[in-house]
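Data block below; observations after.
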There are 2 protein chains.
Amino acid sequence: MEIKNIKCPLEITHNIINGKWKISIICLLKNSVMRFNELQKALPEIQKSYLTQQLKELEEYGIVHRQAYLEVPPKVEYSLTEIGNEFLKVMDVMNRWGEYYIKHIERK
Amino acid sequence: MEIKNIKCPLEITHNIINGKWKISIICLLKNSVMRFNELQKALPEIQKSYLTQQLKELEEYGIVHRQAYLEVPPKVEYSLTEIGNEFLKVMDVMNRWGEYYIKHIERK
DNA sequence: CAGAATCCCCGTCGATACTG
DNA sequence: CAGTATCGACGGGGATTCTG
């Protein structure tokens, strides 16, 4: 995947988490290497085909590392790359603002 | 607009910037009160109707304040609320990660 | 000037079936 | 086990026209 029309760095960050399940996937891969099946069990609502697609996009963006073992039955492990781990910090800031936001609107 | 199915604060933050022009709008309102027309001129690619919609969503989320003056011709000013201003910090972190990301992929 | 209303395309996303 | 392939619904969002 080519990076399309880089307007500003903010747009890139926005694009990367664009997709219904990207954030959840990155959350799951925090501190753990997971196999395809494990991801599927952890996200029962997401279809296999779409999970595959989202993982592929994250891999192409360089956020997720895909380690395939040439075995039968096949075994594939997903983990965060270095820059993927850096992204956790961004998600942490987003999460904290979300908490602040919830408290803020509950006060009214 | 009701907050739909709050799963985690992260999802809320994600939802709020979901929409093609939300980020740009918030960027523009940083440090300035703007009229509808000014926003339109600053974002020539976005259609009026859609700009209206995006602004309304941001207002319902409490990110943007809409000040309408009962004049003829009408005059409406948009600005960031307190929590909208707090959100700028999140966008700043996203922006910095984006810069880091660009440098990171250029090195390859 | 600042919208509201309408129409419609297309990308996202879901469901099912098949494969190495 | 870990995918592909295919089809189709839905809604985001673009363009145009109308209104107070």
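Reminder, nothing fancy here: chain letters follow the sequence lines and each chain counts from 1.
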Answer with base, sugar-phosphate or nothing: what part of the nucleic acid does A/Lys75 contact at a heavy-atom distance below 4.0 Å?
-> sugar-phosphate
What nucleotide, of D/dG14, D/dA2, C/dA2, holds the atom closest to the side chain of B/Trp21?
-> D/dG14
Of the nucleotides C/dG3, D/dG3, D/dG14, which has the atom closest to the B/Gln47 side chain?
-> D/dG14
Please name the pair of heavy atoms, one in B/Gly19 and one in A/His14, separated by the smallest distance, quoted to 0.1 Å.
-> O-CE1, 3.9 Å
With a non-hydrogen cut-off below 4.0 angstrom, is B/Tyr69 in contact with a base, only sugar-phosphate, or nothing?
-> nothing
Closest to side chain of A/Lys20, choosing from C/dC13, C/dA4, D/dG14 | C/dC13
Closest to the side chain of B/Asn37, out of D/dG3, C/dC1, D/dC1, is C/dC1
Comparing A/Asn18 and B/Gln40 on DNA chain C - which has the more 5′ nearest nucleotide = B/Gln40
Look at the aromatic rings of A/Tyr78 and A/Phe36 and report parallel, tilted or perpendicular, splitting at 30° and 60°.
-> tilted
Could you tell me whether the phosphate oxygens of C/dG3, OP1 or OP2, come under 4.0 Å of any side-chain nitrogen or oxygen in B/Lys56?
-> no
The bend of the helix from C/dC1-D/dG20 to C/dG20-D/dC1, taken between the axes of its five terminal pairs at each end and rounded to 10°, is 50°
Does B/Arg35 have a side-chain nitrogen or oxygen under 4.0 Å from the phosphate oxygens OP1 or OP2 of C/dG3?
-> no
May I ask you to decide if the ring planes of A/His104 and A/Tyr100 are parallel, tilted or perpendicular, using 30° and 60° as cut-offs?
-> tilted
Map B/Pro74 and B/Tyr50 onto DNA chain D by nearest heavy atom, then report which one ends up closer to the 5' terminus.
-> B/Tyr50
Among C/dA5, D/dG3, D/dC1, which is the nearest nucleotide to the side chain of A/Pro73?
-> D/dC1
